[in-house]
There are 2 protein chains.
Amino acid sequence: MEEHLEKLRASGRKVTPRRKAIIQLFLQEQSDLSPQDVQEALSGATGQFGLPGIYRNLEVLTTCGILFRVVTYGGERRYALCKAGHGEGHHHHIVCIACRKVGKVSDCLYKDGMMVEGFRLVSHVVQLNGLCESCAREKNDLSALQELRQQG
Amino acid sequence: MEEHLEKLRASGRKVTPRRKAIIQLFLQEQSDLSPQDVQEALSGATGQFGLPGIYRNLEVLTTCGILFRVVTYGGERRYALCKAGHGEGHHHHIVCIACRKVGKVSDCLYKDGMMVEGFRLVSHVVQLNGLCESCAREKNDLSALQELRQQG
DNA sequence: CTCTAAACAGAAATAATTTCCATTTGGCAA
DNA sequence: TTGCCAAATGGAAATTATTTCTGTTTAGAG
């Protein structure tokens with residue numbers, strides 16, 4: 001937790017109860033969450049959480065590198081805790097399709113500047129989906145995979 | 001155009017004036033388009049195009065491989081003409097950040113099944129952004145790049 | 001030419017996201 | 001510690017995006 005708050009301070013933002021509650025939630029839930037998920041999870045506990053505030057805070061937490069926005073082909077808005085430490089540079093994430101655990105991918109196969117099909121690469125969006133070690137051991141049936149393969 | 005209509009027929013869908021008009025639009029505009037862009041472009045020409053119909057058709061055209069949905073970190077809904085021919089398998093696209101030209105990336109560096117950071121890769125989302133040959137020649141000033149680098 | 005499943009039109013419902021503004025608060029400076 | 005002020009909050013309301021529904025039309029097989 002403290003390491004996350006440090007990122008907030010480093011970017012000149014305030015540490016507020018709301019932000020701590022949201023970070024706490026992401027720490028508990030190991031999955032990625034939509035703004036609606038966050039509202040549902042936090043409502044009741046600490047009074048009401050309005051969606052506007054949640055949007056604002058998810059945005060702030062993403063800006064200062066505490067969360068990242070998961071990329072899907074469907075474009076749904078979902079966030080997860082960024083696994084990179086403060087100051088670490090370019091990286092991507094890989095999400096386990098079974099347990100939603102998030103891993104950090106430091107050495108991306110694509111490097112900005114490289115040539116691809118006649119284009120010079122300037123930026124790239126990469127989101128990997130896979131099975132983490134423990135889930136891979138459990139799931140030797142591939143049926144669930146097929147289902148999830150298309151989700152991006 | 002005909003090659004696109006063939007994809008429609010191949011998937012058992014009907015070739016309708018609406019669908020032809022949408023494909024035609026994407027053929028003219030070389031950029032990627034949102035449903036709203038499509039509505040604006042097509043309204044007036046052939047009477048009214050309601051957004052519900054546009055959503056439906058963009059979805060259909062995507063399903064049968066004529067369009068693809070561009071992936072961005074922001075999650076906006078934008079479509080572009082798929083560069084892959086009928087029956088071609090797994091591929092990604094690279095978009096020129098200057099002229100929006102789309103290129104096909106057939107041999108992705110990531111392969112499902114490979115191991116990445118302890119995960120077994122099941123699916124992956126890749127969207128590349130770069131400069132096509134002609135734009136790269138023009139733009140030796142990097143200022144525009146910086147601006148676009150974050151867009152995903 | 002007929003018939004039928006698929007497509008269309010568009011109103012309306014729903015859901016997602018942003019804007020606004022009055023009130024409160026974290027954290028720095030005195 | 002206390003006070004200040006920019007930043008954060010709360011929540012209503014506006015806006016925009018997306019889906020659902022229903023009755024009508026049409027592409028294209030036979």
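It should be emphasised that the depicted structure is a prediction, and the values quoted were computed from it without experimental measurement. Lettering of chains follows the sequences in order, A, B, ..., and the numbering in each one begins at 1.
A salt bridge does not link B:Lys83 with B:Glu88: every distance from a Lys NZ or Arg NE/NH1/NH2 to an Asp or Glu carboxylate oxygen is 4.0 Å or more. A salt bridge links B:Arg9 with B:Glu6: the distance from a Lys NZ or Arg NE/NH1/NH2 to an Asp or Glu carboxylate oxygen falls below 4.0 Å.
Residue contacts for B:Arg56: at a heavy-atom cut-off of 4.0 Å it reaches a base atom on one of the strands shown. Counting any heavy atom pair closer than 4.0 Å across all strands shown, B:Val15 reaches sugar-phosphate atoms only and no base atom.
For the pair B:Thr16 and C:dC8, the criterion of a side-chain N or O lying under 4.0 Å from OP1 or OP2 is met.
Of the candidate nucleotides D:dA27, D:dA17, C:dG26, C:dG26 has the atom lying nearest to any side-chain atom of A:Pro17. The side chain of A:Arg77 lies closest to C:dT17 when the candidates are D:dT9, C:dT17, C:dA7. When distances are taken from the side chain of A:Tyr55 to each of C:dA16, D:dT18, C:dG26, the shortest belongs to C:dA16. The side chain of B:Pro52 approaches D:dT19 more closely than any other nucleotide in the set C:dT18, D:dA27, D:dT19.
D:dT26 atom C1' lies 13 Å from atom NZ of B:Lys20, rounded to whole Å. When rounded to the nearest whole Å, the span between CD of B:Glu76 and P of D:dT16 equals 16 Å. Between A:Leu51 atom CG and D:dT16 atom C1' the separation is 15 Å, expressed in whole Å. Rounded to an integer number of Å, the gap from B:Gln39 CD to C:dC8 C1' is 15 Å. Atom CG in A:Leu5 sits about 14 Å away from atom C1' in C:dG27, given to the nearest Å. Atom pair B:Phe49:CZ and D:dT18:P shows a separation of 18 Å (rounding to whole Å applied). Regarding A:Arg18, its CZ atom lies at a distance of 8 Å from the C1' atom of D:dG10, rounded to whole Å. Between A:Leu58 atom CG and C:dT18 atom P there is a gap of 11 Å when expressed in whole angstrom units.
Ranked by how close their nearest DNA chain D nucleotide is to the 5' end, B:Lys14 and A:Gly50 are led by A:Gly50. Mapping B:Arg13 and A:Arg13 onto DNA chain D by nearest heavy atom places A:Arg13 closer to the 5' end of the strand.
With hydrogens and angles ignored, the 3.5 Å screen pairs a side-chain donor or acceptor of B:Arg120 with a backbone N or O of B:Gly113.
A ring-centre distance under 6.0 Å is found for A:His90 and A:His124.
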Might you work through the side-chain contact (heavy atoms from CB on, under 4.5 Å) test for A:Phe26 and A:Leu58, ending with a clear yes or no? CA-CA 11 Å; A:Phe26 275 98; A:Leu58 290 175; 3.9 Å; yes
